[in-house]
Amino acid sequence: ASRRAGVKVVVHTIHNVYEQFQNKNWKDRLSSWRRKIAYGKYDHIFAVDDEVRDWTIRCQLVMSNHISTITNGIDFKRLKIPKNKISLRRKFGWQESKYILINIGSLTEQKNQHMLIKAMRLVKDEGIKSHLFIVGDGLLKKTLSEEINRLGVSDCVTLLGFRSDIPQLLKASDLFIFPSLWEGLPIVLLEALAIKVPLIASDIPIHRKILNNGRFGWLTQIALPQDIAKMILKVFYSKDEAISKATDAQQMVYHNFSS
């Protein structure tokens, strides 16, 4: 369409990787073939991170001279929230005394919220007064809602659906938790760090890179809900360390990812 409209240079941006799900069946192979054909029609491809660029080349979707990296940035001005945590919690109707966890992302297999919900069952069993809010919409909304009811955690896990007030929700929270199976360069993770929210993320390459192998937040295994629950409890009982990591992380994001 762009060519027909007379556009002389057409580029495309690749935001994500999913190498562990590549070529599992004929549908995946067909999808890869279609992407390769589509990418070849662009004058140049841009990746949001070197990990994404390397994956794209490794999967032979583009030639190395046809793709470059332009790192995602975030707008710090958008993240300046005048209200404090207590006033925001009152606005949202959240209990001030509870330990608030937040997850933000599409309700899809990639974001792995079903494992997080199972982990909250274990956290609840430990007697921790906490509440997880999952922000986003997607194909798994009904499945996740049924899982919440089946596990008996409707009193401590809430699906908030799509929201436009992400910075405010982050600032009102005690912990951002992001157990994705794969990512490109997740903007919401950078925004959480920029707002100085302590963070747990899945131990995958891009998260290790951003968090400097745990210096700026905690990395967790995600194969079992026990792994995630154990890490939530660790951070809950390490509030001073959490604040220290979050403070260092905010400075790191400001210097490396400001748009």
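As the structure is a computational prediction, the values presented were derived from the model and not from experiment. Throughout, residue positions are numbered sequentially from 1 according to the sequence presented.
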Going through the distances and angles, do Ile204 and Leu181 end up as a side-chain contact (heavy atoms from CB on, under 4.5 Å)? CA-CA 7 Å; Ile204 59 177; Leu181 299 175; over 6 Å; no
Which pair of heavy atoms, one from [X] and one from [Y], lies closest together, and at what distance?
{"X": "Gln113", "Y": "Leu144", "answer": "CB-CD1, 3.9 Å"}
{"X": "Leu189", "Y": "Phe178", "answer": "CD1-CD2, 3.8 Å"}
{"X": "Thr108", "Y": "Leu140", "answer": "C-CD1, 3.4 Å"}
{"X": "Pro167", "Y": "Ile81", "answer": "CB-CD1, 3.5 Å"}
{"X": "Val48", "Y": "Gly184", "answer": "CG2-C, 4.4 Å"}
{"X": "Ile222", "Y": "Asp227", "answer": "N-OD2, 4.4 Å"}

Can you hop from [X] to [Y] via hydrophobic side chains spaced under 4.5 Å?
{"X": "Val9", "Y": "Ile70", "result": "yes"}
{"X": "Val10", "Y": "Val62", "result": "yes"}
{"X": "Leu107", "Y": "Leu139", "result": "no"}
{"X": "Ile166", "Y": "Leu199", "result": "yes"}
{"X": "Leu61", "Y": "Ile57", "result": "yes"}

Does the side chain of [Y] come within less than 4.5 Å of [X]'s, by heavy atoms?
{"X": "His15", "Y": "Val52", "answer": "no"}
{"X": "Ile206", "Y": "Leu185", "answer": "yes"}
{"X": "Lys118", "Y": "Arg121", "answer": "no"}
{"X": "Asn103", "Y": "Pro179", "answer": "yes"}
{"X": "His114", "Y": "Thr143", "answer": "no"}
{"X": "Leu116", "Y": "Ile177", "answer": "yes"}
{"X": "Leu193", "Y": "Ile210", "answer": "yes"}
{"X": "Lys245", "Y": "Phe216", "answer": "no"}

Single hit among Arg89, Lys129, Lys98 for salt bridge (Lys or Arg N to Asp or Glu O under 4.0 Å) with Asp174: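 Checked Arg89, Lys129, Lys98 against Asp174; only one passes salt bridge (Lys or Arg N to Asp or Glu O under 4.0 Å): Arg89.
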Evaluate the criterion side-chain contact (heavy atoms from CB on, under 4.5 Å) for residue pair Ile14 and Ile45; output intermediate values, then yes/no. CA-CA 7 Å; Ile14 301 177; Ile45 302 289; 3.5 Å; yes
Can you check whether Tyr39 and His12 have ring centres sitting under 6.0 Å from each other? yes
Would the Tyr42 and His66 ring centres measure less than 6.0 Å apart? no
State whether [X] and [Y] are salt-bridged, where the test is any N-O pair (Lys NZ or Arg NE/NH1/NH2 against Asp/Glu carboxylate O) under 4.0 Å.
{"X": "Arg78", "Y": "Glu191", "answer": "yes"}
{"X": "Lys124", "Y": "Asp155", "answer": "yes"}
{"X": "Lys77", "Y": "Asp75", "answer": "no"}
{"X": "Glu51", "Y": "Lys209", "answer": "no"}
{"X": "Asp49", "Y": "Arg53", "answer": "no"}

From [X] [atom1] over to [Y] [atom2], what is the distance, rounded to the nearest 0.5 angstrom?
{"X": "Phe257", "Y": "Asn72", "atom1": "CZ", "atom2": "CG", "answer": "9.0 Å"}
{"X": "Leu101", "Y": "Leu175", "atom1": "CG", "atom2": "CG", "answer": "4.5 Å"}
{"X": "Ile104", "Y": "Phe133", "atom1": "CD1", "atom2": "CZ", "answer": "12.0 Å"}
{"X": "Trp218", "Y": "Ile200", "atom1": "CH2", "atom2": "CD1", "answer": "7.5 Å"}
{"X": "Leu122", "Y": "Ile228", "atom1": "CG", "atom2": "CD1", "answer": "9.5 Å"}
{"X": "Leu88", "Y": "Ile100", "atom1": "CG", "atom2": "CD1", "answer": "12.0 Å"}

Stepwise, does the side chain to side chain donor-acceptor pair (under 3.5 Å) test hold for Ser68 with His44? CA-CA 8 Å; Ser68 306; His44 200 74; 2.7 Å; yes
Distance to the ring centre below 6.0 angstrom and angle to the axis at most 45 degrees; does that hold for Arg163 and Phe92?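 Yes, Arg163 and Phe92 form such a contact.
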Kindly confirm or rule out a cation-pi arrangement of Lys239 over Phe236, judged by NZ or CZ under 6.0 Å from the six-membered ring centre and within 45° of its axis?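 Checked: cation-pi criterion met.
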Counting distance only, does the side-chain N/O of [X] pair as donor-acceptor with the main-chain N or O of [Y] below 3.5 Å?
{"X": "Ser87", "Y": "Lys83", "answer": "no"}
{"X": "Ser244", "Y": "Asp240", "answer": "no"}
{"X": "Ser173", "Y": "Leu169", "answer": "yes"}
{"X": "Gln250", "Y": "Ala194", "answer": "yes"}
{"X": "Asp43", "Y": "Val11", "answer": "no"}

Would one find more than 12 heavy atoms of other residues, nucleotides or ligands at under 6.0 Å from atom CD of Glu96? yes
Answer yes or no: are there more than 12 heavy-atom neighbours, outside Lys230 itself, under 6.0 Å from its atom NZ? no
Would His131 and Tyr99 satisfy ring-ring contact (aromatic ring centres under 6.0 Å, His included), going step by step from the backbone distance to the final call? CA-CA 6 Å; His131 200 112; Tyr99 189 69; over 10 Å; no
Ser145/Leu159 under side-chain contact (heavy atoms from CB on, under 4.5 Å): CA gap, chis, key distance, verdict: CA-CA 7 Å; Ser145 180; Leu159 301 179; 4.1 Å; yes
Is it true that the side chains of Ser180 and Glu183 contain a donor and an acceptor less than 3.5 Å apart? yes
Over 60° means perpendicular and under 30° means parallel, so tell me whether Phe76 and Tyr254 are parallel, tilted or perpendicular. perpendicular
